[in-house]
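Encoded as structure tokens, the structure appears first; notes follow it.
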Amino acid sequence: MPRITPRTLKGFRDYLPQAMLPREALIATARDVYRSYGFSPIDTPALEYLEILSGNGSDETDKQLYHFTDNGGREVGMRFDLTVPLARFAAQHAQELGLPFKRYHIATVWRGENTQRGRYREFMQCDFDTIGTESAASDIETALVIHDLLQKIGFERFTIRVNHRGVLNGLLENLGLADQALPLLRALDKLAKIGPEKVAAEMERTAGATSQQTAQVLELAALTGSRDEVLAALRPMVAGSETGEAGAERLSEVLGGIRAAGVPEERVELDVSIARGLDYYTGMIYETFLGDLPGIGSVASGGRYDNLTEAFTSQRLPGIGASLGLDRLLAAMEELEMLPNARTPAEVFVPLFNKEMLGPLLKITTDLRAAGLRVELYGDAKKLGKQLQYANRRGHRIAMIVGPDELAADDCQLKNLADGSSKKVALADAAREITLLLEGGDD
RNA sequence: GUGGCUGUAGCUCAGUUGGUUAGAGCGCCGGAUUGUGAUUCCGGAGGUCGGGGGUUCGAGACCCCUCAGCCACCCCA
């Protein structure tokens, strides 16, 4: 019989249990943090009318869009982010939602772009957004959510870099370069990566800026120091520009709020060079870098946009939001050895001695589950050594050994698979004892 | 989409200027007196050399195409 080669498409992946367990854990953390701020879950279809998706983005996103004609002759596209669907969703349901509206959306998106490490054609986004308000509070909250998220995931050393588009635009305005903002900011965003000389060269080449102008832009971007120092230094540079002054003012407010919330000073940095490639950000911008792995890039980023829904409705809906870089974070955690090596969600393993033990063990494991534990009962009465070997490889943490002897004595042996230690406890106390063991050796 | 590099057992790789039966470590499976794993000892299975075509007496090695991965550009998560 001719066989079909099992394979996956370029840029698409299978997830084995070992990869899926931390993935789900991360998603659960994100969901919990979002909910703790009152963001509500929504979902939208994977497929949209092509015009919904392609009208919005740039030529670039159009090229990356997966699209086809469906069996009813409709032109259809697969969503390439969660922001455009949010815009459509908000425009369509504005009346029922009420404003401001805070939602989170964790879902798969597709982009037909070239693959690279950490870049796939199918990947998951974990977005949260607040729409219908321009308040500084929502700007501040966005940073707080990112901060909480990273902390809950288990990172100690990370920096949220913030900036305001108005500051950059204000400076460009003052330099008479406002109409070339896009190519200039795109070049500026590469500062950390390629250095000031190359950025200047690119600015002169793509935006027609003079070397004097680029020097001034780079001077702003080169500002370093504490937030207050940077803020004080940039104010005169944007003076006279309405957007620039407003941007600096908002920046100051947001940084003050973040400080008031108790976020450690070193976790948030004012970095005037970040621009974020997207052309729709109009206000605050956020990027997040890991102290132990800065090279992996931003693991959570976002910003404020003025008019999310303008393609769909005349109603003005400003918004702010950010997105967690799930794949990058997982890659980072793997590299930093923050991921457990388990291939099973069940912490407790119960070997089967012989067929006669099956009935009693089914009862015992059912009781353990009722007590909130995750328990796997082995199905074949193989040699005990084999069963323990299996348990060890799978990553179960505790083996609960109940053989005929234990059953007769109404007790059991709890074996810690990490260190080999074991103790005898009464069956009636097993659930409690296991819980204690799990809390104790938590690594 | 453009350019560069790579592709040999489940994994990490070795394989001399193209020459006969393609190797190692780890992993996997089995065993070391029948109720205790991850350490030790013994044994074993497993590879159409990513796929297709070509050059050659002969190709894992050379050429072309294709698929996939990595890197850069682009863009971004």
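Residue numbering restarts at 1 for every chain, and letters A, B, ... go by the order of the sequence lines.
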What is the pairing partner of [N], taking Watson-Crick or G-U wobble pairs with both distances under 3.5 Å in any strand?
{"N": "B/G60", "value": "none"}
{"N": "B/G27", "value": "none"}
{"N": "B/G46", "value": "none"}
{"N": "B/U17", "value": "none"}
{"N": "B/C74", "value": "none"}
{"N": "B/U55", "value": "none"}

So, is [X] near the phosphate of [N], with a side-chain N or O under 4.0 Å from OP1 or OP2?
{"X": "A/K10", "N": "B/G69", "result": "yes"}
{"X": "A/T115", "N": "B/A68", "result": "no"}
{"X": "A/R117", "N": "B/A77", "result": "no"}
{"X": "A/Q64", "N": "B/C75", "result": "no"}
{"X": "A/K386", "N": "B/C29", "result": "no"}

How is [X] classified with respect to the nucleic acid when contacts are heavy atoms under 4.0 Å: base, sugar-phosphate, or nothing?
{"X": "A/G297", "answer": "nothing"}
{"X": "A/S422", "answer": "nothing"}
{"X": "A/A418", "answer": "base"}
{"X": "A/K382", "answer": "nothing"}
{"X": "A/I401", "answer": "base"}
{"X": "A/R111", "answer": "base"}
{"X": "A/E122", "answer": "nothing"}
{"X": "A/D81", "answer": "nothing"}
{"X": "A/Y390", "answer": "nothing"}

Distance-only donor-acceptor test (3.5 Å): side chain [X], base [N]:
{"X": "A/R186", "N": "B/C75", "result": "no"}
{"X": "A/E113", "N": "B/A77", "result": "yes"}
{"X": "A/E406", "N": "B/G35", "result": "yes"}
{"X": "A/Q413", "N": "B/U36", "result": "yes"}

Quiz item: Where each residue is assigned the nucleotide of RNA chain B containing its nearest heavy atom, which of A/Q125 and A/G11 is assigned the position nearer the 5′ end?
Solution: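 That would be A/G11.
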Exercise. Find which nucleotide of RNA chain B each of A/V402 and A/N114 is nearest to by heavy atoms, and output the residue with the more 5' nucleotide.
Key: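 Looking at RNA chain B, the more 5' nearest nucleotide goes with A/N114.
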Quiz item: Do you see a donor-acceptor pair shorter than 3.5 Å between the side chains of A/T243 and A/E173?
Solution: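 Yes, a side-chain donor-acceptor pair sits under 3.5 Å.
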Interatomic distance at [atom1], [N] relative to [M], whole Å:
{"N": "B/G52", "M": "B/U48", "atom1": "P", "answer": "11 Å"}
{"N": "B/A14", "M": "B/A77", "atom1": "C1'", "answer": "38 Å"}
{"N": "B/C67", "M": "B/C76", "atom1": "P", "answer": "27 Å"}
{"N": "B/C11", "M": "B/G27", "atom1": "C1'", "answer": "7 Å"}
{"N": "B/U17", "M": "B/U21", "atom1": "C1'", "answer": "23 Å"}
{"N": "B/G47", "M": "B/A22", "atom1": "C1'", "answer": "8 Å"}
{"N": "B/U56", "M": "B/G18", "atom1": "P", "answer": "16 Å"}
{"N": "B/G69", "M": "B/U8", "atom1": "P", "answer": "14 Å"}

[X] side-chain proximity, nearest of [options]:
{"X": "A/S323", "options": "B/C28, B/A77, B/A38", "answer": "B/A77"}
{"X": "A/Q116", "options": "B/A72, B/A32, B/A38", "answer": "B/A72"}
{"X": "A/K415", "options": "B/G35, B/G37, B/A77", "answer": "B/G37"}
{"X": "A/L384", "options": "B/G35, B/C29, B/A38", "answer": "B/G35"}

Practice problem: Tell me whether the guanidinium CZ or amine NZ of A/R35 lies under 6.0 angstrom from the six-membered ring centre of A/Y104 and within 45° of its axis. | Solution: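 Pair A/R35/A/Y104 does not count as cation-pi.
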Quiz item: Honestly, is A/R304 close enough over A/Y281, meaning NZ or CZ under 6.0 Å from the six-membered ring centre and within 45° of the axis?
Solution: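 That pair does not qualify as a cation-pi contact.
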Nearest whole angstrom, please: distance from the [atom2] of [N] to the [atom1] of [X].
{"X": "A/I296", "N": "B/C71", "atom1": "CD1", "atom2": "P", "answer": "11 Å"}
{"X": "A/K190", "N": "B/A72", "atom1": "NZ", "atom2": "P", "answer": "13 Å"}
{"X": "A/D419", "N": "B/U36", "atom1": "CG", "atom2": "C1'", "answer": "14 Å"}
{"X": "A/N392", "N": "B/G37", "atom1": "CG", "atom2": "C1'", "answer": "5 Å"}
{"X": "A/E202", "N": "B/A72", "atom1": "CD", "atom2": "C1'", "answer": "14 Å"}
{"X": "A/M400", "N": "B/U36", "atom1": "CE", "atom2": "P", "answer": "19 Å"}
{"X": "A/R119", "N": "B/C74", "atom1": "CZ", "atom2": "P", "answer": "11 Å"}
{"X": "A/E287", "N": "B/C75", "atom1": "CD", "atom2": "P", "answer": "15 Å"}

Self-check item: Partner of A/D327 by side-chain hydrogen bond (donor to acceptor under 3.5 Å, both in side chains), out of A/R119, A/R23, A/R117
Solution: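 In the set A/R119, A/R23, A/R117, the residue that makes a side-chain hydrogen bond (donor to acceptor under 3.5 Å, both in side chains) with A/D327 is A/R23.
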Quiz item: Closest heavy-atom contact between A/L97 and A/A90?
Solution: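 Closest approach of A/L97 to A/A90, heavy atoms only: CD1-CA, 4.3 Å.
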Quiz item: Where is the tightest heavy-atom contact between A/D43 and A/H105, given as atom of each residue plus distance?
Solution: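 Closest heavy-atom pair between A/D43 and A/H105: OD1-NE2, 2.9 Å.
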Exercise. Give the intermediate values and the outcome of side-chain contact (heavy atoms from CB on, under 4.5 Å) for residues A/L329 and A/L326.
Key: CA-CA 5 Å; A/L329 266 176; A/L326 189 71; 5.9 Å; no
Quiz item: Do you know which of A/R267, A/E269, A/E287, A/H147 makes side-chain contact (heavy atoms from CB on, under 4.5 Å) with A/I160?
Solution: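 So the option named by the test is A/H147.
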Self-check item: A/F12-A/Y120 aromatic ring centre distance below 6.0 Å
Solution: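 No, the ring of A/F12 stays outside the 6.0 Å limit from the ring of A/Y120, centre to centre.
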Quiz item: Under 5.5 Å between ring centres and under 30° between planes: true for A/F123 and the base of B/A77?
Solution: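 Given the distance and angle limits, yes, they stack.
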Quiz prompt | Derivation and outcome, side-chain contact (heavy atoms from CB on, under 4.5 Å), residues A/V425 and A/R432 | solution = CA-CA 10 Å; A/V425 306; A/R432 194 171 59 245; over 6 Å; no
